[in-house]
Amino acid sequence: MTTLNDRMTDAPWADPARGLDERVDALMAEMTLDEKLAQLYGVWVGASDDGGGDVAPHQHDLNDDVDLDELLPSGLGQLTRPFGTAPVDAAVGALSLARTQQRIVAANRFGIPALAHEECLAGFAAWGATAYPIPLSWGATFDPEIVERMARRIGDDMRSVGVHQGLAPVLDVVRDARWGRVEETIGEDPYLVGTVGTAYVRGLESAGVIATLKHFVGYSASKAGRNLAPVSIGPRELADVLLPPFEMAVREGGVRSVMNAYTDLDGVPSAGDRTLLTELLRETWGFDGTVVADYFTIAFLKLLHGTAGTWAEAAEAALDAGIDVELPTVKTFGEPLRLAVEAGAVDVSLIDTALRRVLRQKAELGLLDADWSPVPLALAEVDLTRTDVDVSHADGLRGTVDLDSAGNRALARELAERAIVLVRNDGSLPLATPGVIAVVGPNLADPYAMLGCYSFPTHVVSQHPGVELGIRIPTLLEALQAEFPDSEIRWARGTSVDGGETDGIAEAAAVAASADVAILALGDRAGLFGRGTSGEGCDAESLDLPGAQQQLVDAVLDTGTPAVLTLLAGRPYALGRAVHESAAIVQAFFAGEEGAPAIAGVLSGRVNPSGRLPVSIPAGAGSQPTTYLAAPLARASDVSNVDPTAAFPFGHGLGYSEFEWDAFDGDAAEIATDGTVTVRLRVRNTGIRSGADVVQLYLHDPVASVVRPVQRLIGYARVELEPGAAADVSFAVPADLASFTGRDGRRIVEPGDIVLSIGRSSADLPFAQAVRLTGPVRELDHTRRLHPEVLVELVVEASVID
């Protein structure tokens with residue numbers, strides 16, 4: 001087998017001392033058309049195996065078997081999911097990837113390895129890797145710093161086994177909670193999504209792993225909340241709601257890749273939208289990384305959208321729009337594109353434009369360097385020149401790579417604890433030491449109840465019967481038994497998540513009636529394409545609790561036993577009578593492998609909850625689509641019998657500490673349209689235990705030239721305080737944050753009145769400051785300021801000396 005020493009070590013493109021452009025130019029000048037094309041697609045080995053259902057749309061329809069021996073002499077751009085396609089020990093997978101890279105390098109005359117990518121939405125999607133809370137939980141923390149720390153750990157684990165690119169984060173803003181992929185989003189507010197998502201990007205990129213923004217753009221605004229349905233939104237909703245998180249991540253996160261959305265925007269598929277992928281993303285925002293196709297999306301231009309008649313037309317449309325890499329495997333960028341170029345139907349300059357970006361990124365990663373090695377850090381001592389070191393002889397390596405370290409688990413628990421939202425509490429929580437605790441509901445003893453659809457166990461292991469989860473995931477029942485060792489715990493499921501069975505509800509109600517408190521374990525089962533109640537392709541017709549769960553809730557409430565609803569879910573649900581009659585409601589959005597102990601800690605009081613709702617909890621199941629970003633006509637009125645007012649609004653959350661707010665003021669009642677105003681208040685922990693409060697800043701524009709949402713989050717601060725301690729929180733707000741897209745499509749700041757409100761949620765705004773903006777209408781561009789300057793200062797108060 002060819003070794004690393006056989007690479008073209010004297011070639012100019014292999015010299016890291018030369019400039020990137022010089023290296024790329026030299027390499028491109030030597031490449032044939034087939035060699036150029038080979039760098040623009042990936043292959044997905046094993047995706048056609050008969051191991052279960054699809055994990056990508058039309059996977060088995062479009063993933064043609066590829067002959068690697070035939071492909072590799074021309075080279076290969078990417079390897080698709082070498083760890084995420086089937087359960088494999090991490091060390092064995094790393095060795096297999098290294099051997100595959102060695103084979104790729106040996107086969108092509110330039111010795112160029114492939115770039116390996118993986119999913120990493122809620123942790124590295126590999127067998128045995130840490131399953132962190134889902135992105136909706138990240139949003140609930142209102143804490144970008146902890147999300148950045150998590151992403152760094154994910155990136156370190158991926159890089160250690162030879163992975164170069166992660167397909168995360170999702171920056172779609174929730175527009176309809178019926179959409180199955182709500183669990184993959186960070187919330188319903190673009191500022192929250194942008195700040196938390198950008199933190200994830202910084203963390204992953206700091207580990208040397210390419211972050212990938214998705215899905216660019218509009219995927220979450222599909223009609224009726226159906227996956228991959230058409231998107232018919234106006235340019236203002238696109239510019240002011242859906243684009244800002246992507247813009248923030250490009251400007252501030254250092255992101256190096258973007259993935260297009262499957263959907264079309266007003267009839268133009270994103271995969272073929274040059275206005276979006278080139279003119280806006282590259283020419284306006286200055287993005288200089290790669291655009292990778294969502295899986296099979298280029299083929300969908302022909303198969304689903306009907307905007308291309310042949311595979312070659314689809315390939316040309318995607319390249320012209322700005323897509324650089326076809327994923328997950330070669331379908332249109334191979335022979336169809338080659339034949340079209342040779343026939344003169346497609347200009348080779350389109351290929352060269354994409355190729356330049358791909359090769360530049362490989363050079364940045366060190367993949368073109370003469371001394372590049374396929375041996376990842378986790379296998380630093382393995383000698384690939386030994387022919388006896390192969391996957392078939394890897395028993396000695398099994399278990400030597402730990403992707404679920406104690407540090408990972410500790411961070412997963414910390415994040416879960418910060419993400420849990422105490423939605424309602426009549427004083428029953430925290431629980432003392434109940435004599436008898438009843439635990440009822442379909443999610444009481446299922447470890448999968450803690451996981452989203454892109455966690456590896458749900459995504460892959462669930463389709464391989466008999467394969468162990470690969471990580472330890474306590475169930476809620478186990479966690480409660482550990483948390484309350486002196487209590488008698490009785491349990492009954494009552495019903496399944498979505499089967500609709502009612503035969504067991506009477507038994508569950510009897511168990512609840514015999515207890516001092518009843519904990520209901522409710523919510524979702526994550527899955528894909530109809531195999532769950534939440535996840536990709538698992539959309540909901542309404543926001544009623546799935547199956548017969550509401551009937552179970554009502555039966556338990558009828559017993560009179562204090563009922564604590566615990567939601568283990570991927571979206572918010574209408575909770576009927578429980579909104580007013582339950583003792584407490586605890587919302588956990590798929591809280592990961594340490595989620596159950598975190599929930600138990602909230603119930604016992606060991607954990608002081610500080611999460612805030614990243615999405616509103618609806619009062620009724622059928623008032624969708626609606627979010628808190630509502631214009632006046634989208635709110636309750638006396639001219640419609642449908643009231644969309646949320647039962648619990650965006651930003652809401654309770655805790656076990658008491659916080660007093662006072663000393664609110666602002667430093668100006670009038671500023672210019674290019675000025676800054678500062679508002680501040682004092683937060684004091686008047687409770688008996690340490691805790692965190694989340695101070696939220698909203699903007700209201702009562703009169704504007706276009707309709708504006710009544711309230712819009714523009715800043716926040718998470719404030720941690722010991723009992724009796726106080727902090728001054730100030731927001732220096734530039735007038736840029738009052739900007740919006742005007743009637744002519746330009747972003748402007750208008751003179752007139754605005755109101756800055758500080759609140760505990762979007763509907764609880766005790767302090768407000770009216771500010772008049774003066775001067776001319778001011779036009780802004782992508783260089784505008786995106787944040788207020790936030791300052792949290794502990795108050796040092798003089799002590800009283802007796």
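Worth saying up front: this structure is predicted, and the values here are computed from it rather than measured.
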Looking at R360, I want to see if its CZ is surrounded by more than 12 non-hydrogen atoms of other residues, nucleotides or ligands under 6.0 Å.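 Check passes, neighbour count above 12.
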Out of curiosity, [X] [atom1] to [Y] [atom2], how far, rounded to the nearest 0.5 Å?
X: E247; Y: L242; atom1: CD; atom2: CG; value: 13.0 Å
X: E313; Y: L337; atom1: CD; atom2: CG; value: 12.5 Å
X: L327; Y: Q78; atom1: CG; atom2: CD; value: 5.0 Å
X: F216; Y: L171; atom1: CZ; atom2: CG; value: 10.0 Å
X: L76; Y: I104; atom1: CG; atom2: CD1; value: 5.0 Å
X: R747; Y: R784; atom1: CZ; atom2: CZ; value: 4.0 Å

Distance-only, no hydrogens or angles: does the [X] side chain make a donor-acceptor pair with backbone N or O of [Y] under 3.5 Å?
X: R274; Y: D320; result: yes
X: N108; Y: L72; result: no
X: E118; Y: F124; result: no
X: D294; Y: M259; result: no
X: S96; Y: G93; result: no
X: T458; Y: S455; result: no
X: R236; Y: G742; result: yes
X: H782; Y: T284; result: yes
X: D369; Y: D371; result: no

Please check if any side-chain donor atom of [X] sits under 3.5 Å from a side-chain acceptor atom of [Y], or the reverse.
X: T290; Y: Q361; value: yes
X: E283; Y: T278; value: no
X: D781; Y: T783; value: yes
X: N227; Y: Y262; value: no
X: E183; Y: S534; value: yes
X: Q165; Y: S257; value: yes
X: N260; Y: T297; value: yes
X: W44; Y: T85; value: yes

Non-hydrogen side-chain atoms of [X] and [Y] separated by less than 4.5 Å:
X: E335; Y: D34; result: no
X: L121; Y: P135; result: yes
X: I298; Y: K331; result: no
X: R99; Y: P374; result: no
X: L40; Y: D324; result: no
X: R81; Y: E119; result: yes
X: D266; Y: V231; result: no
X: L37; Y: I351; result: yes

Under the criterion side-chain contact (heavy atoms from CB on, under 4.5 Å), I'd like the reasoning laid out for V161 against L97: C-alpha separation, chi angles, the key distance, then a yes or no. CA-CA 8 Å; V161 294; L97 175 57; over 6 Å; no
Contact summary for [X] and [Y], nearest pair of heavy atoms:
X: A98; Y: P376; value: CB-CD, 4.3 Å
X: L379; Y: V375; value: O-CG1, 2.9 Å
X: G530; Y: C538; value: N-SG, 3.3 Å
X: G570; Y: L136; value: O-CD2, 3.7 Å
X: G75; Y: A38; value: O-CB, 3.3 Å
X: L277; Y: A321; value: CB-O, 3.3 Å

Over-ring placement of K36 relative to F110, 6.0 Å and 45° cut-offs: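 Judged by the rule, K36 and F110 form no cation-pi pair.
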Determine the interplanar angle of the H215 and Y219 rings, folded into 0 to 90°, and report it as parallel if under 30°, tilted if 30 to 60°, perpendicular if over 60°.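 Taking Y219 first and then H215, their aromatic rings stand perpendicular (interplane angle over 60°).
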Could you go through the salt bridge (charged side-chain N to carboxylate O under 4.0 Å, His left out) check for R103 and D69 one step at a time? CA-CA 10 Å; R103 178 183 175 190; D69 290 329; 2.7 Å; yes
Using the rule given for side-chain hydrogen bond (donor to acceptor under 3.5 Å, both in side chains), can you reason through E326 versus T332, listing the C-alpha separation, both sets of side-chain angles and the distance that settles it, and then say yes or no? CA-CA 8 Å; E326 180 178 24; T332 69; 3.1 Å; yes
Where do E237 and R175 land on the salt bridge (charged side-chain N to carboxylate O under 4.0 Å, His left out) test, with the steps shown first? CA-CA 10 Å; E237 182 177 355; R175 303 302 284 161; 2.9 Å; yes
Run the side-chain contact (heavy atoms from CB on, under 4.5 Å) check on I112 and W372 step by step: do they pass? CA-CA 10 Å; I112 306 173; W372 174 84; over 6 Å; no
Does the ring center of F456 lie less than 6.0 Å from the ring center of F83?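 No, too far apart.
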Begin with the C-alpha distance, continue with both residues' side-chain angles, and end with the deciding distance and a verdict on ring-ring contact (aromatic ring centres under 6.0 Å, His included) for H305 and F300. CA-CA 6 Å; H305 295 297; F300 290 168; 7.4 Å; no
Between D15 and R18, does the salt bridge (charged side-chain N to carboxylate O under 4.0 Å, His left out) criterion hold? Intermediate values first, please. CA-CA 6 Å; D15 182 2; R18 297 174 183 262; 3.5 Å; yes
Set out, in order, the CA-CA distance, both residues' side-chain angles and the distance that settles salt bridge (charged side-chain N to carboxylate O under 4.0 Å, His left out) for E252 and R202, then state yes or no. CA-CA 8 Å; E252 301 177 353; R202 286 195 297 265; 5.0 Å; no
Show the numbers, then the answer: is there a side-chain contact (heavy atoms from CB on, under 4.5 Å) between L786 and R251? CA-CA 10 Å; L786 302 177; R251 286 180 54 185; 3.6 Å; yes
